[in-house]
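Let me begin by presenting the structure, written as structure tokens, before commenting on it.
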2 protein chains.
Amino acid sequence: MDMQFDLAQNGAFPTVPRPCPGQTCDGCTVRDRAICADLSPTDRETLSRIGRRVTVHAGQTVMWEGDDNMVVANVVDGTLKLATSTGDGREQIVGVVYASDFIGRPFGARTPHSVTALTDARLCLFPRRAFDGFARNHGALQHRLLQRTLDDLDRTRDWMLLLGRKTAREKVATFLLDMGRRLRPDRTGMIDLPLSRQQIADILGITIETVSRQMTDLKRQGVIDLCGRRGVRLVDGAALEALAEGA
Amino acid sequence: MDMQFDLAQNGAFPTVPRPCPGQTCDGCTVRDRAICADLSPTDRETLSRIGRRVTVHAGQTVMWEGDDNMVVANVVDGTLKLATSTGDGREQIVGVVYASDFIGRPFGARTPHSVTALTDARLCLFPRRAFDGFARNHGALQHRLLQRTLDDLDRTRDWMLLLGRKTAREKVATFLLDMGRRLRPDRTGMIDLPLSRQQIADILGITIETVSRQMTDLKRQGVIDLCGRRGVRLVDGAALEALAEGA
DNA sequence: CGCTTGATTGATGCCATTCAACATGGGTGG
DNA sequence: CCACCCATGTTGAATGGCATCAATCAAGCG
């Protein structure tokens, strides 16, 4: 892991990322999908003044598991991973967040898991305590946060079935279908995975070699097509569905 | 699984469990730990009139994965499991709930996972839509629900590390420590597991035989002591901690 | 007592990991 | 622009951990 390196190079997070002050909610691309969507213009303005826009670079870790919980944020742009790891370095990715998602742990003293940027990303960052105070007084915000957390919990629990009970083949097939749903293919049907093999392995709870073998197997079977490191085309979706369920 | 049997015997849930009407919040044993804790007496009274007390028997399934989402509930007494399963019958337990916990999926049309009683249990049951409506208008309730959901999400994500990255030995050790924290031992230090070997296996994502082998191994090492089907004594907690982290 | 259900133990095989070599390709500096 | 390099990905062979199949054991119960 290059976390130590990131830390040395960039310093601990809250003080680090380059702020882009002066930016308001007016041009915000996620304004009506993020948790602030239901706020009145004046409330949104108030919230906006609590926070600030920052950018983080791919590989940079935004929050560390177990640290004092200082900030929460909306993801304006980019992709980040949430992860935990064992004492001896085995890592499990417990979530991947995209534009308009919310990160951090409101109403809690500790950061439950690390947050690391997979791509360059822009965040709308709030000091946690200030955000907590604001949320307590704004039911609409709190309601959206609740909805989002309930959805996250459902998805996370579904993923437990994959981690605990599915074979490597089923895991990879499920993962590819998931990506196919989330990502827009280009005109040839090719999609560009936002994750390395190692990251895929850390999501599925298997090794990088197993990911690679399963992918080439699926290619040999004509179910998918591989192109370069990150390109995949889902040739036979129905077959993938079948394999994902254990056919 | 005897789910089909339960269904045939008792009918689909919402109409089934024997109601115990007339009971109020006054003598409720979980009143100040459940989500209703922060409500004013009059609000609590209102909420109480929306719901009703029911009892369910061990083995009975309260909600079915994928069904229309009709009810939510407070657990007054007993233990229940939340589970999902693959088409071919492999099951993964995604949560275990105890007295004062909340079950069901507010603000959602579908039940995301099944809920089954592990012991006889008493529930304070609410029609989902009515509960949703009440919650929307009561920030205190919604806030507590949010807190609880955030905690659940943290715990669930932690469990993903176990499912995805830990060995059978580590899984069993972690499970036993978790039980040791949650359950009160008797004067000899013995604790009574609320789960069968099959259920433990379904929580840890391994087979019943592997659970059994790991337990007897730990016993041979003098780390734990086994007594009957459900009795365990954690003899050497420090050693267990070490094994849980991969020593 | 037999019957049933749950738990333990044993034998065997397979899938995923591990260790290792090799390929690829994106990026950089000469 | 090409050669080189390092990170990333693929492939191979061997090991081992866990699942599977199956027999035995231990309780509870009619």
Side-chain angles (χ1 to χ4, degrees), chain A residues 1-2 5-6 57-59 86 88-92 118-119 162-176 192-220 224-232 243 246-247, chain B residues 1-2 5 58-59 86 88-92 118-119 162-176 192-221 224-232 243 246:
Chain A
M1 273 295 93
D2 53 356
F5 174 69
D6 280 337
H57 288 140
T86 60
D88 59 346
R90 286 168 286 175
E91 174 168 308
Q92 177 65 50
L118 297 176
T119 64
L162 175 141
L163 288 176
R165 291 304 190 193
K166 289 196 176 182
T167 65
R169 163 73 36 102
E170 292 164 359
K171 286 179 177 182
V172 171
T174 306
F175 168 79
L176 290 173
D192 192 60
L193 298 177
L195 302 159
S196 70
R197 295 288 188 269
Q198 181 62 63
Q199 286 156 357
I200 296 171
D202 287 340
I203 287 177
L204 299 177
I206 53 182
T207 60
I208 179 176
E209 294 96 329
T210 301
V211 174
S212 186
R213 276 186 250 271
Q214 294 300 333
M215 297 262 254
T216 55
D217 267 19
L218 291 173
K219 178 179 178 175
R220 255 194 287 276
I224 65 170
D225 221 4
L226 296 173
C227 175
R229 310 198 148 174
R230 300 278 177 120
V232 195
L243 289 169
Chain B
M1 272 292 94
D2 52 355
F5 175 69
T86 59
D88 60 344
R90 286 169 286 175
E91 175 168 306
Q92 177 66 49
L118 297 175
T119 65
L162 175 141
L163 288 177
R165 292 303 189 194
K166 290 196 176 181
T167 65
R169 164 72 38 100
E170 293 164 359
K171 285 179 177 182
V172 170
T174 305
F175 169 80
L176 290 172
D192 193 58
L193 298 177
L195 302 158
S196 70
R197 293 289 187 270
Q198 182 62 63
Q199 286 156 356
I200 296 171
D202 287 340
I203 287 177
L204 299 177
I206 53 182
T207 60
I208 179 175
E209 294 96 328
T210 300
V211 174
S212 186
R213 277 185 249 271
Q214 295 298 335
M215 298 262 253
T216 53
D217 267 18
L218 291 174
K219 178 178 178 178
R220 256 193 286 275
Q221 291 181 35
I224 65 170
D225 222 5
L226 296 172
C227 175
R229 309 197 148 175
R230 301 276 177 125
V232 196
L243 289 169

List for me each residue that meets salt bridge (Lys or Arg N to Asp or Glu O under 4.0 Å) alongside B:D192, sequence neighbours excluded, and say none if there are none.
none
Atom CZ of B:R169 and atom P of D:dA19 are separated, to the nearest Å, by 14 Å
Nearest-Å distance, NZ (B:K166) to C1' (D:dC18)?
18 Å
List the protein contact pattern of nucleotides 5-14 of chain D with one symbol per nucleotide (5' to 3'): B for base contact, S for sugar-phosphate-only contact, - for none; contact means a heavy-atom distance under 4.0 Å.
--BBSBBBB-
Expressed in angstrom and rounded to an integer, what is the separation of A:I206 atom CD1 from C:dT18 atom P?
12 Å
Tell me the interatomic distance from B:L193, atom CG, to C:dA7, atom C1', rounded to whole angstroms.
13 Å
Atom CD of B:Q199 and atom P of C:dT5: how far apart are they, to the nearest Å?
16 Å
Between B:E170 and B:L162, is there a side-chain heavy-atom distance shorter than 4.5 Å?
no
Can you check the A:D192 CG to C:dG26 P distance for me, whole Å?
12 Å
With a 4.5 Å heavy-atom cut-off, do B:V211 and B:I206 have their side chains touching?
yes
Can you confirm whether the side chains of B:K166 and A:T86 place a donor and an acceptor under 3.5 Å from each other?
no
Does the side chain of B:S196 come within less than 4.5 Å of B:R230's, by heavy atoms?
yes
Could you walk me through whether A:D202 and B:R165 pass salt bridge (charged side-chain N to carboxylate O under 4.0 Å, His left out), step by step?
CA-CA 9 Å; A:D202 287 340; B:R165 292 303 189 194; 2.8 Å; yes
For A:Q214 and C:dC14, give me the distance from atom CD to atom C1', rounded to whole Å.
13 Å
Rounding to a whole Å, what distance do you find between A:D217:CG and C:dA16:P?
11 Å
